[in-house]
Structures are given as structure tokens and as C-alpha cells.
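Here is the structure we will look at, set down as C-alpha cells.
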Amino acid sequence: MLKPYCVIAVGLFSIPILLQRLSKCSKIEKYFEKGMSEMDNKELANLLFPDVTKTPEYYEELYPKRNLPEGAIVTRFAPSPTGFIHIGGLYASLIAERNAHQSGGVFFLRIEDTDKKREVADGVSQIINVLRDFNVNFDEGVIGENETDVGAYGPYTQSKRADVYRTFAKKLVEEGKAYPCFCTEEQLELTRKRQEAVKARTGYYGQWAVDRNLSNDEIVEKINQGLKFVVRMRSPGVNNRKILHKDLIHGKVEFPENDIDHVIIKSDGIPTYHFAHVVDDHLMRTNLVIRGDEWLSSIPVHLQMFATMGWEPPKYAHISPIMKKEGETKRKLSKRKDSEAAVSYYFEEGYPNVAVTEYLLNIANSSFEPWRRSNPMTPYTEFQIKLSDMNASGALFDLVKLNDISKDVISKMTGEEVYSYTKEWAEKFDSELHEMLTRNKEYAVKMFSIEKGGNKPRKDIGKWSDVKNQISYFFEDKFDHQYDFSEKISEEDRKAILNAYLETYVFDDEKQVWFDKIKAICDKLGFASNNKDYKANPDQYKGNISDVSNVIRVALTGRQMSPDMYEIMQVMGKEATIKRIRECL
RNA sequence: GGCGCAUUGGUCUAGCGGUUAGGACAUCACCCUCUCACGGUGGUAACAGGGGUUCGAGUCCCCUAUGCGCUACCA
């Protein structure tokens with residue numbers, strides 16, 4: 001669909017319509033009649049932006065300063081709706097959201113869809129849904145029903161703000177701070193080659209900015225010829241002067257002043273990122289911009305644009321990217337090459353969202369770990385994240401560490417919680433597991449409650465996809481009846497142990513009674529019931545209590561490693577327990 | 001090429017002129033009256049390199065190397 005500004009832009013280049021428009025303006029009419037005195041900047045601005053009807057003052061009033069307490073941070077997450085949520089995007093949004101809400105400020109979502117080529121149909125709803133899942137909550141933005149705006153500073157979608165940008169671009173032209181440039185891409189390419197040939201800096205600046213000093217007459221002439229144009233901001237900068245920027249993460253950073261006349265409005269009438277950022281973040285009253293450090297180099301441009309507009313710039317925090325190691329080198333996690341770059345990866349693997357969040361928090365502020373240790377049960381939202389504690393270099397993503405944090409997070413959940421999260425995950429990714437969990441909820445919850453509670457809860461699940469393998473023996477129809485008995489114990493001894501166990505086994509025994517019975521079996525069959533005795537005189541015994549226990553364990557679960565045997569039997573029930581053991585006789 | 005940013009064990013990092021360079025993950029050993037997972041104790045392991053400044057440098061300055069980013073009418 002053609003956007004209104006496209007229609008207007010096209011219209012501009014068609015002479016009859018142009019003349020029609022011009023005829024509305026008496027001054028221009030006069031100019032054409034007399035053909036003498038040069039058109040002034042105001043008239044030029046009208047010629048360049050005939051569609052603009054509002055004034056800067058109108059927008060300044062429409063979007064008043066926010067009435068917030070001192071220190072309240074207004075910040076945003078501003079993604080492009082490409083349908084791919086990068087872990088780095090989640091990282092940035094988490095940091096922004098925490099900073100805004102910790103300070104009693106505002107966090108909003110702005111969609112930067114000025115690049116229509118990369119856009120995906122349901123890109124926006126995907127972003128909103130993923131962030132909601134991760135508890136990254138917005139106060140304003142494209143977050144209402146059917147992606148409608150919530151908040152007084154909208155529209156929050158850049159493609160719907162063309163008139164806003166054009167109003168301010170027009171003002172700059174009136175003030176002589178911006179001008180149209182008719183250079184074609186080929187001409188610019190040529191300029192660049194010449195600059196390279198003479199080893200000059202590349203870019204549209206100084207004497208290379210050929211359209212910078214076009215007279216208004218020349219401009220009118222070119223427009224009459226139907227030439228396309230972009231609008232560039234006239235840079236007041238001098239390259240050999242330095243500017244100092246104080247970044248909230250990088251600290252003091254020094255750059256040469258920008259002297260390039262950057263494009264602010266493209267030939268299709270849409271603003272560039274630079275201009276949209278400056279206009280939007282001013283009008284939306286953003287006071288802190290948190291973004292990837294690939295933008296750090298653009299700071300001279302952005303600061304200069306704020307100054308040219310006469311606006312106070314926001315504070316900036318440039319965060320370092322999450323990296324990946326490939327061979328000997330580090331590189332940014334790549335959307336194309338690395339499956340773990342996508343937030344959906346963690347979802348599919350079955351990492352709890354809280355675990356991913358806590359891992360990200362741990363990368364952001366290393367003080368998170370000691371805090372977590374001294375506040376084991378406090379929600380992470382109580383942790384005060386500090387931008388100044390963030391590292392200026394990129395961290396390698398460490399799945400092993402994530403796994404450790406995730407095990408910790410899951411270990412603190414109740415059996416009931418583990419059950420419902422696993423079920424929810426299995427519903428999407430493992431129908432067999434889902435069926436196992438839903439046929440008898442009570443049984444499944446008991447299973448997940450083994451060795452829970454107390455100050456040393458069981459810590460063996462890192463992600464929901466681990467679960468099936470760990471619980472399969474609880475289900476008669478999923479149990480493969482393969483018994484991994486240790487070769488250390490003879491078949492004869494094995495059967496003797498199992499027989500003795502069955503003889504004395506009483507389902508209702510207390511745990512200590514049950515254990516004492518195993519000890520008794522050890523003594524009876526020549527195994528050490530006490531590990532210290534065994535270690536002191538290993539030759540006097542066939543083995544120790546571990547060996548005896550493991551025979552029972554394998555008969556029960558098929559494997560040599562399991563959670564607490566007593567609890568497993570309590571969950572499986574008397575019949576199932578006896579049946580398993582008999583099978584091995 | 002130009003301009004920036006970065007560089008402490010395998011990984012994430014603490015350190016902000018004087019430390020036996022601390023912690024976490026990983027790893028190894030041992031301990032924990034049932035294995036595993038925990039938990040505990042201990043071990044291996046780091047200031048990219050070179051110059052300065054200083055009584056003294058991981059910390060300040062310069063150079064080099066390496067990595068990353070920007071250098072578009074992409075964000």
C-alpha cells in the first residue's frame with residue numbers, strides 16, 4: 001500500500017500538480033512572475049514540504065514534558081519487527097525495563113519500521129508476546145488490543161509518524177539548518193572513490209558536500225526538472241575539534257566532531273534512523289537511551305542533531321553485545337549462524353524464562369550473584385541493577401553457566417510448579433511426555449516432589465527437555481526393562497540381596513527402619529553396612545552398603561543413578577516396587 | 001584506509017596506585033553412615049606484549065598486537 005507521504009512525494013515530481021500547489025502560495029507565485037528576487041528559506045521549505053500543515057510548536061504542546069519525580073527514568077525498547085527476537089534484544093529490553101521501573105519511571109515500546117524490506121507480518125505481536133513471557137512489561141507503546149497504542153505520546157510506530165518528522169525537517173530548512181541534496185547514488189559513489197584515491201575521509205562534508213551551497217534558485221530549478229532529493233542536515237561541526245561524551249556504561253568517550261551532512265529525510269520521504277531517534281526521543285520525552293554499542297560511533301551525529309534542534313539530549317547507555325566463541329575468535333551472536341541467538345531457542349529447549357532472565361542479569365551486573373546468594377528466595381525484580389556496573393566489553397554466552405543457574409532456579413520450585421511448567425512445555429514440544437504427565441497428575445506431582453524442600457533441594461533438572469529421560473522408569477509402559485547391574489556383584493549375590501530385601505520389605509516402614517533393614521541385609525550377606533569399616537578392611541567384605549543399595553536401585557529403576565530410593569518406592573507404590581524386584585530374580 | 005571501543009584463569013567477572021590478585025561456573029581430589037544430583041573442604045589455573053610516570057602499576061600515560069563496531073537515502 002502506498003503511504004500518504006509517498007503519494008505526496010510522487011506528486012511533487014509531477015509538474016502540473018507542482019504548479020497547482022505552487023499557485024496556492026502567493027509569494028512563490030510572485031517569485032515566478034517576477035523571476036527576480038531569490039526565494040527565501042521559508043518559501044523553500046514550503047516548496048519542499050507542501051504536505052506539512054502542523055508546526056513544531058503544535059507537537060511540543062501535544063507531547064508535554066512528563067510530570068515525574070526527580071530521577072525517574074523514561075526509556076524505551078525500539079525494535080524492528082523482523083520476526084526474530086534476538087537474545088541481545090531481550091537483554092537490552094530487560095535492562096531498560098528494570099532501570100525504568102526501579103526508578104519509578106516509564107518504559108515504552110516503539111516500533112522502528114522505517115525499513116520496510118525486512119519487516120515481517122506478525123513481527124510486532126511476536127515481540128510483545130515474547131517480552132510478556134519474560135515479564136518485561138511496558139507502560140506505553142504498541143501494546144493494546146490488536147497492537148493499538150497505549151499512552152499519550154503516540155503513535156509509537158515510526159511509519160505512522162512521517163508527518164512529525166517532516167514538520168521538524170521543514171523547520172530546519174526554514175532556518176537554513178537543512179537543505180535538499182540532489183546527488184544520485186552513482187554520484188555519491190564517485191565522490192567516495194575520489195576521496196579514497198586522495199586518501200581523504202569519506203563522507204558528505206566540506207567541499208565534498210556539493211549541494212550544500214546550492215542557491216535557492218538552483219534548488220527550484222532542479223525541482224522543476226523533477227529531480228529526486230534527500231534532505232541533509234547542515235553540520236556546523238569541525239573535524240579537528242573533539243567532543244566529549246559521558247556514556248553511562250563506557251564513561252568518558254572522545255570523538256572528533258561530526259562534520260558530515262547526514263541525510264535526515266530519505267528520497268521516499270521517510271526519515272533515517274538518526275533523525276527519527278532524535279525527534280522521537282525528544283517528543284516522547286525519553287531521558288535515557290539504552291541501546292547496543294554499535295551506536296556508540298553515531299554519538300557525535302546524534303548529539304549534534306539534538307543541539308541543532310535546540311533540544312536537550314537524553315543520557316546514553318551503550319551496552320556491549322553478547323558474543324559467541326568460534327574457534328579462537330569472539331564474534332557477536334549471529335542470527336543466521338547461531339541457533340542460540342534466538343530467544344525461541346531457550347523456549348524450545350525448556351529453560352524456564354526466569355532462569356534465562358537471571359542469567360542475563362548475571363551478565364549485566366556481576367553483583368547479581370552475591371545478591372542472589374544472600375537472597376535466595378527473593379524475586380529478581382528486587383535486585384537493583386546498575387548501569388555503571390555493566391561491563392564495557394562483550395561477554396561470551398555460556399550455556400553451561402545458564403544451565404547451572406537454571407538448575408538452581410528449578411530446585412527452588414515446588415514439585416507442583418515443576419509439574420505444571422514441564423507439562424506446559426511438553427504440550428508444545430513433546431506429546432509423549434505430555435501424555436505421561438497428564439494421565440495421573442497426583443502421581444506426577446509426587447514424582448517431582450522427591451527430595452524437594454529442606455535446605456538442600458534436589459538439583460538435577462536444568463531444562464524441561466531433561467525431564468523425560470529422568471522420569472521414564474516411573475512409568476511401567478515407558479520403562480525399557482534393561483537393567484544396568486554392576487559387574488562387581490555376582491549374579492548369585494544379586495539374587496540373594498533381592499530375595500532378602502523382599503522378605504523384609506514393608507511398604508509402610510519409616511525411612512530409618514527401612515534403611516536399618518538394608519544394613520541388616522549387608523551384615524547377613526557379608527557386605528559392610530558401614531563405609532568406614534569397609535574402607536578399613538576392604539578384603540573382609542564382598543562389598544559395601546553402596547553395592548547392596550545399588551542392586552536394589554537397578555532392580556527398581558534400571559539404572560545405577562537415581563534420586564532417593566526410599567522416596568521413589570513411596571511414590572511408585574507397594575505393588576509396583578515388588579513387581580520390579582521380582583522381575584530381576 | 002580513517003575514527004572509535006574493548007583486552008584479569010577455559011568462561012563471566014571483582015579490583016578503581018601498596019591485595020598472599022577475590023568470587024562464580026567449569027575442571028580435579030577428598031568428605032558427606034545408599035548411587036547420582038546437591039552441600040562441604042582443598043587444588044590446578046589470569047592481569048595481551050613493550051615502553052614510560054612513580055618509592056611502588058592489574059590500576060595512570062604512550063606505542064604495538066588482537067578482537068569488535070562505525071565509516072549508507074540499514075537499523
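Note on naming: letters A, B, ... go to the chains in the order of the sequence lines (proteins, then strands), and numbering restarts at 1 for each one.
Spacing between atom CD1 of A:I363 and atom C1' of B:U13 amounts to 11 Å, rounded to whole angstrom units. Here the C1' atom of nucleotide B:C34 and the CG atom of A:D533 are 16 Å apart, to the nearest Å. In this entry the distance linking CZ of A:F275 with C1' of B:C74 reads 18 Å, nearest Å. Following rounding to the nearest Å, A:F527 (CZ) and B:C34 (P) show an atom-to-atom distance of 16 Å. At whole-Å resolution of the value, CD1 in A:I243 and P in B:C3 are 16 Å apart. One interatomic measurement links the two molecules: CG of A:N362 to C1' of B:U13, which rounds to 9 Å at whole-angstrom precision. Taking atom CD on A:Q195 and atom P on B:C3, their separation rounds to 15 Å, with Å as the unit. One atom, CD of A:E257, and another, P of B:G4, lie 14 Å apart when rounded to the nearest Å.
Residue A:E112 is classed as a sugar-phosphate contact, given heavy-atom separations below 4.0 Å to backbone atoms only. Residue A:E254 is classed as a sugar-phosphate contact, given heavy-atom separations below 4.0 Å to backbone atoms only. Note on A:S562: a base of the nucleic acid sits closer than 4.0 angstrom, heavy atoms only. When heavy atoms are screened at a 4.0 angstrom cut-off, A:V548 is found touching no nucleic acid atom at all. Within 4.0 Å (heavy atoms only), A:P457 reaches sugar-phosphate atoms of the nucleic acid but no base atom. Nucleic acid contact class of A:F255 (heavy atoms, under 4.0 Å, all strands): sugar-phosphate only. Base contact: A:K511 has a heavy atom under 4.0 Å from a base atom.
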Check: Could you go step by step and tell me if A:D398 and A:Y359 meet the side-chain hydrogen bond (donor to acceptor under 3.5 Å, both in side chains) rule?
Finding: CA-CA 9 Å; A:D398 188 355; A:Y359 174 65; 5.6 Å; no
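Inter-residue side-chain proximity for A:D547 and A:N544 is flagged as met; some heavy-atom pair is nearer than 4.5 Å.
Using atom C1' as the reference point in both B:U53 and B:C62, the two lie 11 Å apart (nearest Å). Nucleotides B:A46 and B:G22 are separated by 12 Å at their P atoms, to the nearest Å. Taking the P atom of each, B:A14 and B:U7 are spaced 10 Å apart, rounded to whole Å. B:G17 and B:U54 are spaced 9 Å apart, taking the C1' atom of each and rounding to whole Å. The gap from the C1' atom of B:C5 to that of B:G9 amounts to 24 Å, rounded to the nearest Å. Nucleotides B:C47 and B:U8 place their C1' atoms 4 Å apart, quoted to the nearest Å. B:A24 sits 15 Å from B:C38 when the P atoms are compared, rounded to a whole Å. The P atoms of B:G1 and B:A26 are separated by 42 Å, rounded to the nearest whole Å.
For A:K242, taking side-chain heavy atoms from C-beta onward, the closest of the listed nucleotides B:C34, B:A75, B:G4 is B:G4. Which of B:G4, B:A37, B:U13 sits closest to the side chain of A:R458 comes down to B:A37. Checking B:C38, B:C12, B:U35 against every side-chain atom of A:K459, the shortest atom distance belongs to B:C38.
Annotation: of the two residues near RNA chain B, A:D547 and A:Y359, the 5′-most nearest-nucleotide partner is A:Y359.
For B:U11, neither phosphate oxygen OP1 nor OP2 lies less than 4.0 angstrom from any side-chain nitrogen or oxygen of A:K324.
For A:F479 and A:Y473, the ring centers are positioned 6.0 Å apart or more. Checked against a 6.0 Å centroid threshold, the rings of A:F229 and A:F182 count as neighbours.
Salt bridge annotation for A:K193-A:E196: absent, with no cationic side-chain nitrogen under 4.0 angstrom from a carboxylate oxygen. The pair A:E451-A:K456 fails the salt-bridge criterion, with no side-chain N (NZ, NE, NH1 or NH2) lying under 4.0 Å from an Asp/Glu carboxylate O. At a threshold of 4.0 Å, the pair A:R458-A:D460 counts as salt-bridged, since one of the basic side-chain nitrogens sits closer than that to a carboxylate oxygen. A salt bridge does not link A:K242 with A:E257: every distance from a Lys NZ or Arg NE/NH1/NH2 to an Asp or Glu carboxylate oxygen is 4.0 Å or more. For A:E369 and A:R373, the salt-bridge test fails: no basic side-chain N is under 4.0 Å from an acidic carboxylate O. Comment: A:K519 does not engage A:D523 in a salt bridge, judged by the lack of any side-chain N to carboxylate O separation of less than 4.0 angstrom.
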Using a cutoff of under 3.5 Å, can you pull out all pairs of nitrogen or oxygen atoms linking the protein to nucleotides 28-33 of chain B, with atom names and distances?
from: B:C31; atom 1: OP1; to: A:K535; atom 2: NZ; distance (Å): 3.3
from: B:U33; atom 1: O2; to: A:K519; atom 2: NZ; distance (Å): 3.2

Could I get a table of every N or O pair under 3.5 Å where one atom is in the protein and the other is in nucleotides 23-27 of chain B?
from: B:A24; atom 1: O2'; to: A:E369; atom 2: OE2; distance (Å): 2.4
from: B:A24; atom 1: O2'; to: A:K401; atom 2: NZ; distance (Å): 2.5
from: B:C25; atom 1: O4'; to: A:K401; atom 2: NZ; distance (Å): 3.3

Report all interatomic pairs (protein N or O, nucleotide N or O of nucleotides 69-73 of chain B) with separations under 3.5 Å.
from: B:G69; atom 1: O2'; to: A:E294; atom 2: O; distance (Å): 3.4
from: B:G69; atom 1: N2; to: A:S297; atom 2: OG; distance (Å): 3.2
from: B:U71; atom 1: O2'; to: A:T202; atom 2: OG1; distance (Å): 3.3
from: B:C73; atom 1: O2; to: A:S267; atom 2: N; distance (Å): 2.9
from: B:C73; atom 1: O2; to: A:S267; atom 2: OG; distance (Å): 2.9
from: B:C73; atom 1: N3; to: A:S267; atom 2: OG; distance (Å): 3.3
from: B:C73; atom 1: N4; to: A:C183; atom 2: O; distance (Å): 3.2

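Within the shown strands, nothing qualifies as a pairing partner of B:A14 under the Watson-Crick or G-U definition with both distances less than 3.5 Å. Applying the Watson-Crick and G-U wobble criteria (two distances, each under 3.5 Å), B:A48 pairs with B:U64. B:U54 is unpaired under the criterion used here, namely a Watson-Crick or G-U wobble arrangement in which both key atom distances are under 3.5 Å. Within the shown strands, B:G43 is the pairing partner of B:U27 under the Watson-Crick or G-U definition, both distances less than 3.5 Å. Across all strands shown, B:U20 forms no Watson-Crick or G-U wobble pair with both key distances under 3.5 Å. With a cut-off of 3.5 Å on both Watson-Crick or G-U wobble distances, the partner of B:U33 is given as none. Base-pair partner of B:G9: not found among the strands shown (Watson-Crick or G-U wobble, both distances under 3.5 Å). Nucleotide B:A72 forms no Watson-Crick or G-U wobble pair with any nucleotide shown, as no partner meets the under 3.5 Å limit on both distances.
Applying the side chain to side chain contact (heavy atoms under 4.5 Å, CB included) criterion to A:A78, with sequence neighbours excluded, gives A:R76, A:R110, A:E112. Taking A:K337 as the reference, nothing meets the salt bridge (Lys or Arg N to Asp or Glu O under 4.0 Å) condition, with sequence neighbours excluded. Among residues two or more places apart in sequence or in another chain, the side-chain hydrogen bond (donor to acceptor under 3.5 Å, both in side chains) test is passed with A:K446 by none.
The side-chain tip of A:R291 does not point at the ring of A:Y316 from less than 6.0 angstrom away and within 45° of straight on. Judged by the 6.0 Å distance and 45° axis criteria, A:R232 is not positioned over the aromatic ring of A:Y179.
Taking only distance into account, the side chain of A:N391 never meets the base of B:C12 through a donor-acceptor pair shorter than 3.5 Å. In terms of polar N and O atoms assigned as donor or acceptor, the side chain of A:R553 comes within less than 3.5 Å of the base of B:C34 in a complementary pairing.
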